[in-house]
Structures are given as structure tokens and as C-alpha cells.
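Each remark here refers to the structure printed beneath this line.
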Amino acid sequence: MKLVFATNNRHKLDEVRDILGDRVEVLSLNDIDCHDDIPETADTLQGNALIKARYIYEKYGTDCFADDTGLEVDSLNGEPGVYSARYAGEECNSEANMLKLLHNLTGKSDRKAQFRTVIALIVKGEEKLFNGIVKGTISEEKMGNSGFGYDPIFIPEGFSESFAQMSSDMKNSISHRYRATEQLSKYLKENYD
């Protein structure tokens with residue numbers, strides 16, 4: 001089975017390909033020669049995932065899936081949430097986003113947070129949604145050099161190290177994206193094998 005993953009984010013692509021294995025051939029937007037900037041204008045993760053998947057399905061007529069992921073911090077009323085990738089502004093990077101988050105948590109004792117991924121799948125015009133959540137806390141400072149995004153400041157429940165201190169195999173076995181992708185994988189196996 002071939003599916004287009006509506007992303008050009010190399011990290012996400014590698015993670016999802018690792019999780020799905022050989023069962024599914026996962027193509028990137030680059031692989032289908034899509035260089036469009038697909039707007040993410042919804043105010044929910046689910047909404048953004050659907051916008052991206054529908055865009056690819058309607059324009060290219062190919063079975064596909066898209067995701068949106070957000071870091072939701074309890075004491076910041078769920079921020080940065082749907083704005084996780086652009087928390088410090090449209091032109092900012094992961095470093096600026098992390099620094100803003102750490103600054104906004106200054107003096108707060110409640111550092112509980114969760115990473116949430118929503119995957120929208122469209123196969124033959126039928127839409128399905130899958131959710132993956134991993135709970136944890138935000139560290140006081142950055143720890144580790146691997147991973148991407150907020151990984152250096154997110155410590156998953158039951159661990160003392162951040163996602164950025166873990167091997168990719170370890171992170172991929174417990175992450176929010178893993179949990180959502182596992183549901184996707186199970187659904188594909190049950191319905192399309």
C-alpha cells in the first residue's frame with residue numbers, strides 16, 4: 001500500500017516510516033512534487049490535520065494522511081497547543097519556541113504537560129482520525145541534543161530523561177506520534193491487508 005504523508009519534515013517522515021515499517025510505502029510531499037505551502041488555519045490539531053489531508057487528496061487524488069502535533073501545558077491553559085510550531089512567532093525556530101515556553105513557566109510549580117498528535121487519514125475518500133497522547137512535565141532547562149522541536153524540555157511520565165536524551169528507538173516506542181501511528185497501522189492492517 002502507498003500513502004502520501006503530507007509533510008516534508010524529515011524527522012516526522014523518518015519516525016513514521018520506522019513505525020509503519022515495510023507494510024506501507026510512505027511518500028513525502030516532495031515525492032509527489034508538491035511544494036505548496038498548505039495553510040494550517042484551524043484552531044484545533046484535528047482541524048489542521050484534516051485541512052492538510054483534504055488538500056492533498058483533492059489536489060492529487062491520492063490516498064494520504066497528515067498530522068498535527070501540539071505541546072499542551074496545563075498551567076498555561078493548554079499553550080502552545082495548536083500554535084506549537086510558531087509559538088514565538090511565524091519566523092521563529094524550535095530554540096525560540098522553547099525559550100519562550102521556559103520563560104512563560106518561570107515561577108510556576110505546575111509543569112505538567114502533554115504532547116498530542118492527531119493523524120487524519122483519507123483512503124478512497126473515507127476519513128479517519130487517530131489520537132496519540134504522552135503525558136509528562138516540562139524541565140527547568142534544555143537536556144539532550146537529539147530529537148527536534150520541544151524534545152529537549154519534555155520529560156515523559158515514568159522517565160527522568162527528556163525525549164532529546166533518549167535513543168530514537170526509545171522515543172519512538174513511547175511518543176505521541178508513535179501512539180497515533182500505531183492506531184493508524186492497526187487500522188490499515190485490519191482494513192487493507
Side-chain angles (χ1 to χ4, degrees), residues 1-20 24-73 76-94 96-98 100-101 113-134 147-151 154 172 175-188 190-192:
M1 180 176 202
K2 270 189 197 179
L3 286 174
V4 172
F5 182 13
T7 189
N8 276 321
N9 181 317
R10 189 96 225 132
H11 297 290
K12 281 187 184 183
L13 205 52
D14 290 344
E15 251 182 53
V16 166
R17 283 178 173 157
D18 284 349
I19 296 164
L20 289 177
V24 180
E25 185 183 347
V26 179
L27 304 174
S28 69
L29 291 177
N30 229 12
D31 294 331
I32 62 167
D33 211 25
C34 174
H35 305 288
D36 304 355
D37 187 19
I38 305 169
E40 295 182 39
T41 53
D43 55 6
T44 64
L45 300 174
Q46 173 180 321
N48 281 337
L50 282 166
I51 285 172
K52 292 185 279 189
R54 288 172 180 158
Y55 183 92
I56 296 305
Y57 189 78
E58 288 163 14
K59 185 167 181 180
Y60 294 89
T62 182
D63 294 337
C64 61
F65 64 98
D67 81 321
D68 200 20
T69 295
L71 176 63
E72 300 165 338
V73 181
L76 299 177
N77 300 316
E79 280 185 20
V82 74
Y83 303 105
S84 293
R86 51 195 183 280
Y87 191 45
E90 286 296 330
E91 301 304 315
C92 286
N93 59 18
S94 296
N97 289 334
M98 277 189 286
K100 178 177 179 177
L101 183 64
Q114 68 178 21
F115 261 126
R116 191 159 62 94
T117 292
V118 178
I119 293 176
L121 169 72
I122 305 178
V123 176
K124 298 179 178 69
E126 189 179 340
E127 297 179 353
K128 288 278 179 204
L129 291 169
F130 308 94
N131 271 286
I133 292 174
V134 62
F148 62 101
Y150 295 91
D151 286 357
F154 184 80
N172 288 354
S175 79
H176 45 293
R177 191 166 293 106
Y178 169 79
R179 291 173 181 182
T181 306
E182 268 297 292
Q183 291 173 39
L184 167 68
S185 178
K186 185 170 183 269
Y187 175 80
L188 293 173
E190 289 169 358
N191 293 278
Y192 298 101

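Rounding to the nearest 0.5 Å gives a distance of 9.5 Å between CG of Asp14 and CG of Asn172. Atom CG of residue Leu121 and atom CD of residue Gln183 lie 12.0 Å apart, to the nearest 0.5 angstrom. Taken to the nearest 0.5 Å, the CG atom of Leu76 stands 5.0 Å off from the OH atom of Tyr87. How far NZ of Lys128 is from CD1 of Ile122: 12.5 Å, rounded to the nearest 0.5 Å. Put simply, NE2 on His35 and CG on Asn8 are 7.5 Å apart, with the number rounded to the nearest 0.5 Å. Separation of atoms CD (Gln114) and CZ (Phe154) is listed at 8.0 Å; rounding is to 0.5 Å.
Residues Lys2 and Asp63 have side chains not in contact (no heavy-atom distance under 4.5 Å, counting atoms from C-beta outward). Asn9 has its side chain within reach of Phe148: a pair of non-hydrogen atoms, C-beta onward, lies under 4.5 Å apart. Contact of the Pro80 side chain with the Lys100 side chain is not registered, since no non-hydrogen atoms from C-beta on lie closer than 4.5 Å. Within the 4.5 Å cutoff, the side chain of Arg179 has no heavy atoms near those of the Phe115 side chain. Inter-residue side-chain proximity for Ile38 and Ile56 is flagged as met; some heavy-atom pair is nearer than 4.5 Å. With contacts defined as side-chain heavy-atom distances shorter than 4.5 Å, the pair Ser84/Thr69 does not qualify. Between Thr7 and Val16, every side-chain heavy-atom pair lies at or beyond the 4.5 Å cut-off. Proximity of Leu184 to Ile19: side-chain heavy atoms (C-beta onward) are nowhere separated by under 4.5 Å.
Not counting sequence neighbours, the partners of Phe5 by the ring pair (Phe, Tyr, Trp, His ring centres under 6.0 Å) test are Phe65. Remark: Tyr187 pairs with Phe130 by the ring pair (Phe, Tyr, Trp, His ring centres under 6.0 Å) rule, at least two apart or across chains.
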For the pair Ser28 and Asp31, evaluate side-chain hydrogen bond (donor to acceptor under 3.5 Å, both in side chains) and give the outcome as yes or no after the intermediate values. CA-CA 5 Å; Ser28 69; Asp31 294 331; 3.3 Å; yes

For Asp67 and Thr181, what are the C-alpha separation, side-chain angles and deciding distance, and is it a side chain to side chain contact (heavy atoms under 4.5 Å, CB included)? CA-CA 10 Å; Asp67 81 321; Thr181 306; over 6 Å; no

Full working for side chain to side chain contact (heavy atoms under 4.5 Å, CB included) between Cys34 and Lys59: CA-CA 10 Å; Cys34 174; Lys59 185 167 181 180; 5.9 Å; no

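When all heavy atoms of Asn97 and Ala88 are compared, the pair lying nearest together is OD1-N, 2.8 Å. Scanning both residues, Ala66 and Ala53, for their nearest heavy atoms gives CB-N, 3.6 Å. Considering every non-hydrogen atom in both Arg17 and Leu27, the closest pair reads NH2-CA, 4.1 Å. Nearest heavy-atom pair, Ala49 versus Val118, reported as atom, atom and distance to 0.1 Å: CB-O, 3.7 Å. Listed here is the closest heavy atom pair of Leu20 and Ser185: CD2-CB, 3.6 Å. Smallest separation of non-hydrogen atoms from Tyr60 and Asp36: OH-OD2, 4.1 Å.
When the options Thr44, Thr117, Asn48 are evaluated for a side-chain hydrogen bond (donor to acceptor under 3.5 Å, both in side chains) with Asp68, the one that passes is Asn48. The one candidate from Glu72, Gln46, His176 that meets the side-chain hydrogen bond (donor to acceptor under 3.5 Å, both in side chains) condition with Arg116 is Glu72.
With salt bridges taken as basic N to acidic carboxylate O contacts below 4.0 Å, none links Lys186 and Glu182.
With Arg177 contributing its side chain and Lys12 its backbone, the two residues share no donor-acceptor pair below 3.5 Å.
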